[in-house]
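Basis for what follows: all heavy atoms, side chains included, without hydrogens, waters or symmetry-related copies. Counting starts at 1 for both ligands and their atoms, following the listed order.
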Amino acid sequence: MVNVGEVFRVVVNSIARSKVSLIGALISTVIFPFLFVAAALDMQGIIKNPYFGFLTYMVMGPLFGLGLLLLLLGIIFFKGTEDIGIYTYEYLKEQFTKPGRVSRVRRLIILITLIINITIIVVLVFSYSAFHYTESVAFCGQFCHRVMNPEYVTFQNSPHSRVSCVECHIGEDAEWFTRSKFSGVKQLFAVAFDTYSKPIKTPIGGLRPRRQTCEECHRPEMFHGAKLYVKDKFLPDEENTHLQTAMLIKVGSGGYRGQEAHGIHWHVSPENKIVYRYTDRERQNIVEVKLIKADGTEVVYAKTESEAGNSRDSGNPDSQQGGESEMDCMDCHNRPTHIYLSPDEALDLKLFTGEIPRELPFIKREALAAITKKYATAEKARNGINIQLLGWYREHYPEITEKQSSLLAKAVRGVQMAYVENVFPEMNVEWGTYKDFIGHDDNGGCFRCHDGSHRSESGEFISTTCESCHTILAKEQPASEVLNICAMEE
Ligand code: HEC
Ligand code: HEC
Ligand code: HEC
Ligand code: HEC
Ligand code: HEC
């Protein structure tokens with residue numbers, strides 16, 4: 001039998017004898033009530049500030065833990081011989097044995113037991129909430145505001161703004177969860193010491209298997225047929241002429257229960273496996289595509305030597321990291337939520353929604369000139385855009401400046417938004433920093449493979465006919481006529 005009294009004596013005396021332990025005990029005792037109240041406030045949702053969460057779970061919590069750790073370390077490694085404190089075993093024993101004192105000590109013991117119990121509860125509750133805090137969008141997007149601002153802003157303006165960061169970046173899987181928490185600690189250090197890269201590089205390593213991530217919510221097997229796509233565009237002329245492009249995008253399906261895989265999602269059907277080889281980190285230059293069919297036969301489409309050398313290089317010296325990868329959702333949907341528009345698209349969207357009034361002559365042209373200038377910070381951009389637009393209208397349309405100043409002010413706000421939602425000078429995110437693989441802007445995206453330069457041994461090319469991907473119903477036609485044109489196509 002272990003002598004409980006003896007163990008207790010050793011423990012209490014060790015704490016009393018070790019400076020390290022005493023410091024630990026002091027830290028824990030001081031932090032404890034604050035942590036308790038803060039955790040309670042947070043759990044009740046009374047204070048929702050991201051910095052409050054950070055203070056509670058990333059500062060006070062670890063400090064409390066550190067206190068307990070010091071206490072333990074002191075007992076084990078830094079035992080002193082002299083008593084520093086007053087609560088030695090001998091002292092306590094005296095309190096117990098002397099008649100009259102017992103009741104006081106008993107009260108003390110009840111108190112200590114109570115404190116220990118509460119501590120255990122706090123530790124449990126705390127670790128649970130700390131876990132949830134690090135999972136929250138506030139932690140990912142707002143606390144590391146400066147670093148994550150581009151991702152957070154674009155995320156909020158995307159169809160996935162109600163999906164939390166961790167649902168895509170971490171998932172439920174235990175293995176990926178631990179991995180991400182470790183890399184998260186590394187990232188916190190990178191932020192603290194300002195060693196992270198600006199802009200943050202993509203593709204990001206260490207994402208968990210990508211299909212698993214998206215397919216938790218989407219099932220391309222269940223898609224079918226085509227989707228009507230209408231794109232609005234405004235010309236840089238005096239009327240800001242509104243044009244529309246309409247087409248049927250052959251979204252297709254991955255095939256399911258007798259329905260054959262077809263169209264665009266044919267790439268992700270279970271019977272097709274596509275492996276490609278690339279020569280740059282951004283995967284812009286794809287030199288070989290291997291299609292492995294269900295029966296095991298393979299077709300290899302390779303770029304000819306001269307074309308492979310003539311690479312669509314990103315011009316980035318540290319991007320020479322080639323590799324091989326199996327094609328999945330993110331080889332097309334690499335920007336499902338961090339969607340950065342081009343200057344044209346950003347303005348067209350604001351003109352379409354009316355945030356930039358279309359009745360202002362030449363607003364598209366002048367706005368484009370203002371937002372494509374280089375600015376050192378978002379604040380300078382806001383000022384620059386304001387000065388430039390007001391100046392131009394004062395010079396060319398003084399009557400608008402005088403009579404329609406509120407319309408002009410609204411336009412300036414809309415143009416500023418088009419800039420700050422897509423360009424983040426503080427993180428070196430300029431127009432076009434992050435490329436979208438959907439479509440074929442600048443011959444990227446689908447045309448990294450479907451460009452007529454990848455040839456199989458038997459002389460076939462990966463298809464380039466426009467019709468295999470979409471049927472164009474109307475290309476840049478006056479907006480009022482597009483519906484009529486579509487109706488006639490039927
Ligand atoms: C719908 C899924 C999804 C959600 C939700 C999501 N992300 Fe992403 N994130 C991605 C994908 C996909 C990439 C691009 C990965 C690649 O290209 O390798 C990415 C890339 C990033 C990058 C690298 C830089 C970049 O823009 O490519 C950062 C940083 C990032 N996400 C942070 C966040 C933060 C913070 C949140 C929450 C505010 C968030 N993400 C929410 C899917 C998501
Ligand atoms: C937690 C669920 C969830 C996850 C995970 C998720 N999505 Fe979504 N996604 C949605 C919802 C919900 C919508 C519909 C939003 C809407 O229509 O407003 C959507 C919409 C989309 C759309 C259509 C967007 C549009 O413009 O209409 C695409 C494409 C898409 N997701 C791709 C992806 C990809 C790729 C991934 C993996 C990186 C992914 N999603 C992960 C829930 C999810
Ligand atoms: C070969 C490229 C490619 C691959 C691979 C791909 N998609 Fe798509 N996907 C597209 C295109 C193109 C569209 C239609 C255009 C758009 O929505 O912008 C689309 C549309 C979608 C939509 C919207 C469907 C609708 O009807 O609105 C969802 C959701 C989606 N994809 C999810 C996925 C998921 C999940 C995967 C991986 C299992 C995947 N896609 C793989 C190219 C691809
Ligand atoms: C990594 C290379 C690669 C990329 C990127 C790629 N594809 Fe493909 N795609 C192929 C290969 C290989 C085939 C099979 C050969 C063929 O049919 O031409 C194919 C076939 C297709 C087909 C015909 C499917 C069928 O029914 O037979 C469509 C449609 C298609 N791709 C659309 C797209 C679209 C849209 C994108 C961009 C969003 C895209 N692809 C991006 C490699 C790629
Ligand atoms: C491999 C598939 C593929 C091929 C081949 C292809 N496209 Fe596309 N194209 C797309 C996809 C996907 C989009 C839609 C992008 C999006 O969702 O934003 C698109 C978008 C477009 C748009 C609209 C651009 C805009 O304003 O947003 C036009 C115009 C277009 N394609 C023309 C063509 C023409 C002309 C050809 C033939 C020379 C062609 N495409 C071949 C996949 C393809």
Side-chain angles (χ1 to χ4, degrees), residues 155 157-172 203-204 207-231 247-255 260-278 283-293 298-303 312 324-339 435-441 443-456 458 460-471:
F155 157 85
N157 295 329
S158 86
H160 289 104
S161 55
R162 296 278 160 87
V163 176
S164 72
C165 316
V166 293
E167 268 174 289
C168 284
H169 285 281
I170 300 170
E172 306 273 296
I204 35 181
L207 264 189
R208 76 189 178 124
R210 303 138 109 197
R211 285 196 62 163
Q212 207 175 310
T213 305
C214 313
E215 284 176 75
E216 231 155 70
C217 300
H218 300 291
R219 288 188 65 189
E221 306 94 285
M222 304 303 278
F223 300 169
H224 53 80
K227 168 177 162 181
L228 178 63
Y229 165 102
V230 178
K231 178 137 174 171
M247 52 190 200
L248 288 172
I249 299 196
K250 300 187 176 167
V251 171
S253 139
E260 266 189 50
H262 63 280
I264 296 169
H265 289 91
W266 164 91
H267 298 83
V268 287
S269 82
E271 68 256 31
N272 300 316
K273 185 169 156 178
I274 297 176
V275 180
Y276 65 91
R277 208 153 55 71
Y278 53 94
R283 306 186 181 187
Q284 293 291 326
N285 189 40
I286 292 177
V287 289
E288 190 186 282
V289 182
K290 194 195 294 173
L291 168 63
I292 305 157
K293 295 181 191 161
E298 292 186 3
V299 189
V300 179
Y301 301 89
K303 258 194 185 178
R312 204 185 342 265
E324 204 173 72
S325 181
E326 185 179 341
M327 190 167 179
D328 61 32
C329 320
M330 281 181 221
D331 289 305
C332 300
H333 297 284
N334 66 328
R335 302 266 136 223
T337 189
H338 311 297
I339 305 168
K435 304 240 176 344
D436 194 339
F437 290 156
I438 288 275
H440 39 79
D441 284 347
N443 286 332
C446 313
F447 283 11
R448 291 171 303 151
C449 295
H450 291 267
D451 62 347
S453 75
H454 296 76
R455 189 165 163 261
S456 73
S458 59
E460 287 162 27
F461 288 93
I462 300 179
S463 59
T464 53
T465 42
C466 319
E467 284 286 316
S468 59
C469 300
H470 46 58
T471 305

Novice: Heavy-atom count around Glu260 CD within 6.0 Å, excluding the residue itself: above 12?
Specialist: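 Counting neighbours around CD of Glu260, 12 or fewer heavy atoms of other residues, nucleotides or ligands fall under 6.0 Å, so no.
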Novice: Using a strict cut-off of 4.0 Å, indicate which atoms of ligand 3 neighbour a heavy atom of Asp328.
Specialist: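 Answer for ligand 3: 5 (C).
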Novice: Show me which atoms of ligand 4 lie under 4.0 Å from any heavy atom of Arg448.
Specialist: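 Ligand 4 atoms under the 4.0 Å threshold to Arg448: 5 (C).
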Novice: Side chain, backbone, both or neither: which part of Ile462 has a heavy atom under 4.0 Å from ligand 4?
Specialist: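 Both of them.
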Novice: Between His454 and Asp451, do the side chains contain an N or O donor and an N or O acceptor separated by less than 3.5 Å?
Specialist: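 Yes.
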Novice: Specify the closest pair of heavy atoms between Leu248 and Ala226, including all atoms of both residues, with the distance to one decimal.
Specialist: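 Scanning both residues completely, I find the closest heavy atoms to be CB-CB, 4.2 Å.
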Novice: Within a distance under 4.0 Å of any heavy atom of Cys217, pick out the atoms of ligand 2 and give their elements.
Specialist: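 Ligand 2 atoms under the 4.0 Å threshold to Cys217: 1 (C), 2 (C), 3 (C), 4 (C), 5 (C), 42 (C), 43 (C).
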Novice: Between Glu216 and ligand 2, does any nitrogen or oxygen pair lie at a separation below 3.5 Å?
Specialist: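 N/O-N/O distance under 3.5 Å: no.
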Novice: Near Glu167, which atoms of ligand 2 are under 4.0 Å from a heavy atom of that residue?
Specialist: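 Answer, ordered by atom number: 1 (C).
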Novice: How close does the nearest protein non-hydrogen atom get to atom 34 (C) of ligand 4, and which residue and atom is it?
Specialist: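 Minimum-distance protein heavy atom for atom 34 (C) of ligand 4 reads Cys446 SG, 3.4 Å.
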Novice: Select the closest option to atom 41 (C) of ligand 2 among Cys214, Pro336, Pro159, judged by heavy-atom distance.
Specialist: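 Of the listed residues, Cys214 has the closest heavy atom.
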Novice: Pick out which of Val300, Asn285, Val287 makes a side chain to side chain contact (heavy atoms under 4.5 Å, CB included) with Arg277.
Specialist: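 Running side chain to side chain contact (heavy atoms under 4.5 Å, CB included) over Val300, Asn285, Val287 with Arg277 returns exactly one hit, Val287.
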Novice: Using a distance-only test with no angle check, is there a side-chain donor-acceptor pair under 3.5 angstrom linking Ser458 and Ser456?
Specialist: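 Looking only at side-chain atoms, Ser456 and Ser458 do form a donor-acceptor pair, the distance falling under 3.5 Å.
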Novice: Against heavy atoms of Gly263, which atoms of ligand 4 measure under 4.0 Å?
Specialist: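 Selected atoms, number and element: 24 (C), 26 (O), 29 (C).
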Novice: What residue and atom, counting heavy atoms only, is the protein's closest point to atom 30 (C) of ligand 4, and at what distance?
Specialist: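 Answer, as residue, atom name and distance: His267 CE1, 3.1 Å.
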Novice: Looking at non-hydrogen atoms alone, which of Met327, Lys293, His450 comes nearest to atom 40 (N) of ligand 4?
Specialist: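 Of the listed residues, His450 has the closest heavy atom.
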Novice: For atom 29 (C) of ligand 4, what's the nearest protein heavy atom and its distance?
Specialist: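 I find the closest protein heavy atom is Ser468 O, 3.1 Å.
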Novice: Any idea which protein heavy atom is nearest atom 12 (C) of ligand 4, and the distance to it?
Specialist: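 I find the closest protein heavy atom is Val289 CG1, 3.7 Å.
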Novice: Between Arg448 and Tyr276, do the side chains contain an N or O donor and an N or O acceptor separated by less than 3.5 Å?
Specialist: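 On atom types as modelled, these side chains do not qualify, holding no pair under 3.5 Å.
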Novice: Apply side-chain contact (heavy atoms from CB on, under 4.5 Å) to His267 and Ile274, showing your working.
Specialist: CA-CA 7 Å; His267 298 83; Ile274 297 176; 3.7 Å; yes
Novice: Nearest 0.5 angstrom please: Met330 CE to Arg283 CZ, how far?
Specialist: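 Separation between the atoms: 11.0 Å.
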Novice: Do you know the tightest heavy-atom contact between Pro336 and Pro159?
Specialist: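 Scanning both residues, the minimum pair turns out to be O-CD, 4.1 Å.
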Novice: Quick one: nearest non-hydrogen protein atom to atom 11 (C) of ligand 3, plus distance?
Specialist: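 Ranked first by proximity to atom 11 (C) of ligand 3 is Ile438 CD1, 3.8 Å.
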Novice: Check whether any N, O or S atom of Cys449, backbone or side chain, sits closer than 2.8 Å to atom 8 (Fe) of ligand 4.
Specialist: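 Not a single backbone or side-chain N, O or S atom of Cys449 is under 2.8 Å from atom 8 (Fe) of ligand 4.
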Novice: How close do Cys449 and Val289 get, heavy atom to heavy atom, and via which atoms?
Specialist: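 Nearest heavy atoms, Cys449 then Val289: SG-CG2, 3.8 Å.
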Novice: At what distance is the nearest protein heavy atom to atom 17 (O) of ligand 4, and which residue and atom is it?
Specialist: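 For atom 17 (O) of ligand 4, the nearest protein heavy atom is Ser463 OG, 4.2 Å.
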Novice: Could you tell me whether His440 approaches ligand 4 through its side chain, its backbone, both or neither, with non-hydrogen atoms closer than 4.0 Å?
Specialist: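 The answer is neither; His440 stays 4.0 Å or more away.
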Novice: Counting from 1, what ligand 2 atoms have a heavy atom of Met330 closer than 4.0 Å?
Specialist: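 The list of qualifying atoms is 38 (C).
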Novice: If you take all heavy atoms of Ser269 and Gly254, which pair is closest and at what distance?
Specialist: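 Ser269 and Gly254 have their closest heavy atoms at CB-O, 2.8 Å.
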Novice: Checking a contact table here: which protein heavy atom is nearest atom 15 (C) of ligand 3, and how many Å away?
Specialist: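 In this structure, atom 15 (C) of ligand 3 has Ile249 CD1, 4.1 Å as its nearest protein heavy atom.
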Novice: For atom 26 (O) of ligand 3, find the nearest protein heavy atom and state the residue, atom name and distance (0.1 Å precision).
Specialist: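 The answer is Lys227 CD, 4.0 Å.
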Novice: Check whether any side-chain N or O of Ser253 sits under 3.5 Å from a backbone N or O of Gly255 as a donor-acceptor pair, and report yes or no.
Specialist: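 Side chain of Ser253 to backbone of Gly255, a donor-acceptor pair under 3.5 Å: yes, one is there.
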Novice: Apply side-chain contact (heavy atoms from CB on, under 4.5 Å) to residues Glu467 and Lys250 and explain how you reach the verdict.
Specialist: CA-CA 9 Å; Glu467 284 286 316; Lys250 300 187 176 167; 3.9 Å; yes
Novice: Do the ring planes of His265 and His333 sit parallel (below 30°), tilted (30 to 60°) or perpendicular (above 60°)?
Specialist: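 The arrangement is parallel - the two ring planes meet at less than 30°.
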Novice: Could you enumerate the protein N, O or S atoms under 2.8 Å from atom 8 (Fe) of ligand 3, written like residue then atom name?
Specialist: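 Sorted hits: His265 NE2, His333 NE2.
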Novice: What atoms in ligand 2 come closer than 4.0 Å to a heavy atom of Thr213?
Specialist: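 In order of number, 5 (C).
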Novice: Give the atom numbers and elements of ligand 4 that come within less than 4.0 Å of a heavy atom of Cys469.
Specialist: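 Near Cys469, the atoms of ligand 4 are 32 (C), 35 (C).
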Novice: Is the His338 ring parallel, tilted or perpendicular to the Phe155 ring (thresholds 30°, 60°)?
Specialist: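 His338 vs Phe155 ring planes: tilted.
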Novice: Suppose we measure from atom 19 (C) of ligand 4 to each protein heavy atom; which comes out shortest, and what is that distance?
Specialist: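 Going atom by atom, the protein heavy atom closest to atom 19 (C) of ligand 4 ends up being Trp266 CZ3, 3.3 Å.
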Novice: Are there more than 12 heavy atoms of other residues, nucleotides or ligands under 6.0 Å from atom NZ of Lys273?
Specialist: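 Result for NZ/Lys273: open.
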Novice: Check Asp436 against Ile438 and note the closest heavy-atom contact, atom names and distance.
Specialist: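 Here Asp436 and Ile438 meet closest at OD1-N, 3.0 Å.
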